[in-house]
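Below is one structure, written out as structure tokens; comments come after it.
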Amino acid sequence: MYAIVKTGGKQYKVAVGDVVEVEKLEGTPGTELNLAAVLVVDGTDVTSDADALAKVSVTGKVVEQTKGPKIRIHKFKNKTGYHKRQGHRQKLTRVEVTGISK
């Protein structure tokens, strides 16, 4: 059994026991949270109806708060001497999926 969950504007395929990195969610390590299911597949049974998905709960546990890789941004304009350098590290949360119930 696996589910497609939506968080942070993105969708992730998860099964029980998976650890996924999602955009930052509030909570300290050990905090339980619920993820919104978009689709649930159980063998040949596929659930995508909104009413049926309202009864589905995908639970997870926060493993750690972390940061993604450093992204370097360099802006340049020709013939003017303009250079701008900037960096960014996205804040992420590692979540372990503990259960999918219908």
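- From T66, atom OG1 reaches atom CD of Q90 across 11.5 Å, with rounding to the nearest 0.5 Å.
- Applying side-chain contact (heavy atoms from CB on, under 4.5 Å) to M1 and the options I100, D45, V41 leaves one that passes, I100.
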Exercise answer: donor-acceptor pairs, residues 12-22 side-chain atoms, under 3.5 Å, sequence neighbours excluded:
from	atom 1	to	atom 2	distance (Å)
D18	OD2	A15	N	2.9
E21	OE2	R94	NE	3.3

Practice problem: Applying side-chain contact (heavy atoms from CB on, under 4.5 Å), run through T31 and E26 and close with a yes or a no. | Solution: CA-CA 9 Å; T31 304; E26 294 300 320; over 6 Å; no
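- A 4.5 Å side-chain heavy-atom check between D42 and T47 finds every atom pair outside the cut-off.
- In terms of heavy atoms, T93 sits closest to E23 at OG1-O, 4.2 Å.
- Screening residues 83-102 for ring pair (Phe, Tyr, Trp, His ring centres under 6.0 Å), with sequence neighbours left out, gives H74-H83, F76-H83.
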Check the pair L25, V62 against side-chain contact (heavy atoms from CB on, under 4.5 Å), reporting the backbone distance first and the verdict last. CA-CA 9 Å; L25 299 171; V62 175; 5.8 Å; no
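- Remark: K77 pairs with T80, Y82 by the side-chain contact (heavy atoms from CB on, under 4.5 Å) rule, at least two apart or across chains.
- Considering CD1 of I71 and CD of Q86, their distance stands at 11.0 Å, rounded to 0.5 Å.
- For K24, the NZ atom counts as densely surrounded, since its 6.0 Å shell holds more than 12 non-hydrogen atoms of other residues, nucleotides or ligands.
- Nearest heavy atom pair, residue E64 against residue P29, reads CA-CG, 4.3 Å.
- Nearest heavy-atom pair across A37 and V56 is CB-CG1, 4.1 Å.
- Note: L35 CG to I4 CD1 = 12.5 Å, rounded to the nearest 0.5 Å.
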